[in-house]
Amino acid sequence: VSNRGCHKIRGSQIRELLDSKLNVLFDCDGVIWNGETVVAGAPEVVTLLKQQGKKVFFITNNCTRPRASYVSKFIRLGFTDVAEEEIFSSAYCSAAYLRDVAKLQGKVYVIGCQGVVKELREAGVPIVEEDTDAPTGTIYDYPLDPDVKAVLVGYDEKFDFIKLAKACCYLQNTECLFLATDPDPWHPLRGGRITPGSGSLTAAVETASSRKATVIGKPSCFMFECIASQFNLDPSQSLMVGDRLETDILFGANCGLDTMLTLTGVSTLEEARGYKDSDDPERKDFVPDYVVETIADFIEAYEE
Ligand code: PLP
Ligand code: CA
């Protein structure tokens, strides 16, 4: 379908592209910041785009923080004009899905972290409260809650065998929904280390339950639908900027957005060109329309 160009652009070419769009969607890690380090120039870029009348959104697969905590992070890293309503995380959107799409009548069993738990509570979606003081029991006698109607899997540094066992017991009921916050396989940490992502934990639950999770985060379109329904966005007027070809760029392709790869994160120009040159038509959706070194290149685009 698409004939995506993978065009490395700068200066007036960036300006022309931005002039043709009303909305800019930024992935966060690898685009706006790397962990706790801001990408140089990113706060100025956000301000500049807003001064140009653009709507700016932040769309992250990171489910570990509730929205309010992202606002604090933006402020801590030097952003002065990011509002909570502009931030769409896989935790926030998972809660929105359970409340508004699934209209869940029952509880959610969560494998995840505080970000997920807080967003579900905020949305009024009931969850199984784990009694952390009680002994968890053996695999034969741990408690199961009969009201569970959904299992939601996200990033969980306390993932263990009992959680896996409980999730696959709940999922034996074919009416129990199975959701994953995001499919990310791993994430870079400082010093060259990586950490397994939600996708790795979801894969374990999928194997144990012989079921497939519905993914809420990128590359699924649900997060775009979430933004579009609140802000009435037109895909053709929207640009998706991301650092990971298999999630961000595929997300843009799936949602009908123009896409831009920035080279401050996970994926490289070589990988993008590899997908472009590949004979496999499915890989074409991993190819970005445009490539920049960093979003800071937007600044010089407006200076010229
Ligand atoms: N999930 C976790 C737990 C992460 O640590 C990260 C990146 O740091 C992500 C997801 C990916 O976030 P993003 O979609 O903003 O790149
Ligand atoms: Ca990213």
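In listed order, ligands and their atoms are each counted from 1.
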* Taking both backbone and side chain into account, is any N, O or S atom of Asp27 nearer than 3.0 Å to the Ca ion (ligand 2)? ->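 Looking at Asp27, which is the residue asked about, there is an N, O or S atom under 3.0 Å from the Ca ion (ligand 2).
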* Asked: List by chain and number: which residues place a heavy atom under 4.0 Å from ligand 1?
  -> Asp27, Cys28, Asp29, Thr60, Asn61, Asn62, Thr64, Tyr155, Asp184, His187, Lys218
* Asked: Do Lys218 and Asp27 sit within salt-bridge range, that is, some charged N less than 4.0 Å from a carboxylate O?
  ->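 Yes, this pair counts.
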* **Side-chain donor-acceptor contact under 3.5 Å, Ser236 with Asp234** =>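 A pair is found: one side chain offers a donor N or O, the other an acceptor, under 3.5 Å apart.
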* For Thr259 and Asp289, does a side-chain donor sit closer than 3.5 Å to a side-chain acceptor? ->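 A donor-acceptor contact under 3.5 Å links the two side chains.
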* Give me the other members of the hydrophobic cluster that Ile194 sits in, counting Ile, Leu, Val, Met, Phe, Trp and Tyr linked by side-chain heavy atoms under 4.5 Å, directly or via other members. => Trp186, Val266
* In Asp29, which N, O or S atom comes closest to the Ca ion (ligand 2)? -> O
* Asp243: which N/O/S atom is nearest the Ca ion (ligand 2)? ->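 Result for Asp243 and the Ca ion (ligand 2): OD1.
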* Is it true that the NZ or CZ of Arg67 lies under 6.0 Å from the centre of Tyr92's six-membered ring and within 45 degrees of the ring axis? -> yes
* To do: Establish, for the pair Arg10 and Phe298, whether the NZ or CZ atom is under 6.0 angstrom from the six-membered ring centre and no further than 45 degrees off its axis.
  => no
* Indicate, with yes or no, if the rings of Tyr70 and Phe58 have centres closer together than 6.0 Å. =>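 Distance test on ring centres: not under 6.0 Å, no.
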